[in-house]
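Report on one structure; see the data block that follows.
In listed order, ligands and their atoms are each counted from 1.
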Amino acid sequence: MKSIVWISRCLCLLLLSAVTQLHAEDGHELWLRYAALPKTQAAQVATHAIDYVFKAAETPTTQRARNELALGVAGLAGKKLPGSEQIHDGSIVLAVAGKYAPLDQQALPLQNIGNEGFVLRAITLEGHAVIVVAANTDIGLLYGVFELLRKFQLDNALAKLDIVSNPKISLRLLNHWDNLDRKVERGYAGQSLWDWWRLPQYLDARYEQYARANASIGINGTVLNNVNSNARILTPAYLEKVAAIARIMRPWGIKVYLSARFSAPQEIGGLKTSDPLDANVQKWWNSKADEIYQLIPDFGGFLVKANSEGQPGPNDFGRTHADGANMLAAALKAHGGVVMWRAFVYSDVNPEDRHKQAWSEFKPLDGKFADNVIVQVKNGAIDFQPREPFHPLFGAMPNTPLMMEFQITKEYLGFATHLVYLGAQYEEVLKADTYAKGAGSLVAKVIDGSLEQHKLSGIAGVANIGSDRDWSGSDFNQANWYAFGRLAWDPLASSAQIARDWLTQTFSSDPTFVETATQLMLRSREAVVDYMTPLGLAHIMGTGHHYGPAPWVSDQKRPEWNPVYYHRADQQGIGFDRTDTGSAALSQYAAAAAQHFADPQANNEQYLLWFRHVSWQYKMHSGRTLWEELLQHYDHGVAEVAAMGQQWQTLEPYVDAERFLKAKEFLQIQLNEAQWWRDACVAYFMSISKLPLPKGVQAPAYNLEYYQALSFPSAPG
Ligand code: BDP
């Protein structure tokens, strides 16, 4: 009997270890693997992490900070951190201000770091060489621990550690476009993480893992449901489920928010109207807010998509966006909640250039929003294209706090399979100069509130997270989630450095690996621009699913849903004239920004066809004609993807087999599809320009009709 038990135990263990191995490197651990460091680095960490001394009140958050520290040091340096009362050389001192007098005498700059910041410093304390992690709050301490663990992996100068850090932006949020049936709009990583059906009784372990991953990069809020929202999320049964998620998020410093459907008073409240000036409607929202805060005392607030793409909104009742936003803001005000009101609006009955419509609608409302409203603006005026000039509303509404909306999920950038590092795109937008108050009025300064001294500031990323084991549909997509969080914390950080950090934490700290893979990631952004939409082209993708090239589409009901609306190619030339001879969208920018975008002398051809309509024979700075240049960019994009594939191939010795192979195969898909984009666009533009291909330029693999006939009825997202 005994031996049977013994044998079955061994079998179980074997099975378990096989399973562990199977899942060992499938991307599930994200950048929090804490894999063993190389010997010398591990030894360094071990000397700086003999034990830890805890000088803070015990809270669910500090518990998590301590666990994380122990977990990290165990993984990285193979060392158990015992935790002790006494300080020694090599102690890590975790302290919250006011809890440990000797540390308070050290004059750490705690008064400058607010509620979420931290100080990490190697100092001598009570005669011992220690590293302190100090903060004003337990959440600051948790962030400090994550940063310390990052430094253990990245830094060789631990004895000189000296970091004072606090987030520049106060609301750092993910936006989930997740529906209640678990479909994710524009999601390519499986189903929604939120298992509404089984909530609140069943709490998937992934909720906590999700919260931990977000906390590790400083994200402090999450909007759980789609902006194309279902009013049911506001019913009591669903609010219970939301409250259950909020309880898991709370210790990690993450607040929960909801997308609110503007017509909810009619749809679930039994009212005849949702007019924001109607007293009964106001009463309904007030009591809805009270009900929510009863369940979720730290509820963050509402995100609203109104009067956009068929969603209900205040315009339906003859009211403005400010009327709508302020009504919701009033309901949340007493509870400390905010309204994030989206500026992504355009209308099919408005003949004005789509680029101009949000500005025209929102600029006149500047200063008319309540003080707990923040207007959420997409990075560009059209829609998350591979490259867009920054949205003209940035810098144009000085009296209203504006927050940034980036897309992390790659709706227009090859979905989950293409390797496109978006950190580079985010950085380009954040560091763009609006010139609103002269040179240096960067978009980053608009959204961190510093340009106009706004207290409320925010940034949101449309999440790429789903139920896939690797969370984001590919390992490299995790980098976009990570980069978003890091840039939300510090919008002027370098995306190249962030890529290095991510690679080190996610794959390997080997310098050859990190340098090569960083180059690969950095070139990926320009590659996608080149093989999809070079020289300022935009929105020439397939209808509905938004995958693959379809510059020929011209049969959609709304003019601005047709790619031909955007490229305006004819036999003479190509591009959207947004100068004064065209739609004059350029005039929505400060003069110096406009000059940067569209002055031929400014030598900025990245945006040429976005702002100008030019002849196919237009002379580019290279000396080539526009036609030749366009072809050159398409070919370059494809060649870049081929080169990325080759670069990845050289990295095989540094990466575990499972993740190596997945990235390799995805890069092959990307190469095939880059070629498809190039060939289809070249075939189409040839048919319009009637120009031959210059010598040496390869003809598309198939004729135009072939590409036009492709269809994708079951595309994901
Ligand atoms: C577009 C997406 C659509 C979203 C919309 C939005 O195609 O699915 O609902 O943006 O942001 O890019 O509201």
Salt bridge flag under 4.0 Å for residues [X] and [Y]:
{"X": "R387", "Y": "E526", "answer": "yes"}
{"X": "D181", "Y": "K183", "answer": "yes"}
{"X": "R568", "Y": "D577", "answer": "no"}
{"X": "D371", "Y": "K333", "answer": "yes"}

Nearest to [atom], what protein heavy atom do you find, and at what distance?
{"atom": "atom 5 (C) of ligand 1", "result": "E309 OE1, 3.3 Å"}
{"atom": "atom 10 (O) of ligand 1", "result": "K378 NZ, 3.0 Å"}
{"atom": "atom 13 (O) of ligand 1", "result": "K305 NZ, 2.6 Å"}
{"atom": "atom 4 (C) of ligand 1", "result": "E185 OE2, 3.6 Å"}
{"atom": "atom 1 (C) of ligand 1", "result": "D383 OD2, 3.1 Å"}
{"atom": "atom 2 (C) of ligand 1", "result": "E411 OE2, 3.3 Å"}

So that I know where these two stand, are [X] and [Y] an aromatic pair - ring centroids less than 6.0 Å apart?
{"X": "W561", "Y": "Y346", "answer": "no"}
{"X": "F597", "Y": "F390", "answer": "yes"}
{"X": "Y566", "Y": "W610", "answer": "no"}

With heavy atoms of [X] as the reference, note each atom of ligand 1 found under 4.0 Å away.
{"X": "Y412", "answer": "1 (C), 7 (O), 12 (O)"}
{"X": "R186", "answer": "2 (C), 3 (C), 7 (O), 8 (O)"}
{"X": "F344", "answer": "5 (C), 6 (C), 10 (O), 11 (O), 13 (O)"}
{"X": "N228", "answer": "9 (O)"}

- For the pair H546 and Y412, name the ring-plane relationship: parallel under 30°, tilted 30 to 60°, perpendicular over 60°.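 Parallel.
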- Message: Pairs of nitrogen or oxygen atoms closer than 3.5 Å, one from W177 and one from ligand 1: do any exist?
- Response: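 No: no nitrogen or oxygen of W177 is under 3.5 Å from one in ligand 1.
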- Message: Once you restrict to heavy atoms under 4.0 Å, what part of V462 touches ligand 1? Side chain, backbone, both or neither.
- Response: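 Contact part for V462 vs ligand 1: neither.
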- Query: Heavy-atom contacts under 4.0 Å between H546 and ligand 1: side chain, backbone, both, or neither?
  - Reply: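 H546 to ligand 1: side-chain contact only, backbone stays beyond 4.0 Å.
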- Query: Is R578 positioned over the aromatic face of F576, cation under 6.0 angstrom from the ring centre and no more than 45 degrees off axis?
  - Reply: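 Satisfied, under 6.0 Å and within 45°.
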- Tell me, please: is Q311 in heavy-atom contact with ligand 1, that is, under 4.0 Å?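 No.
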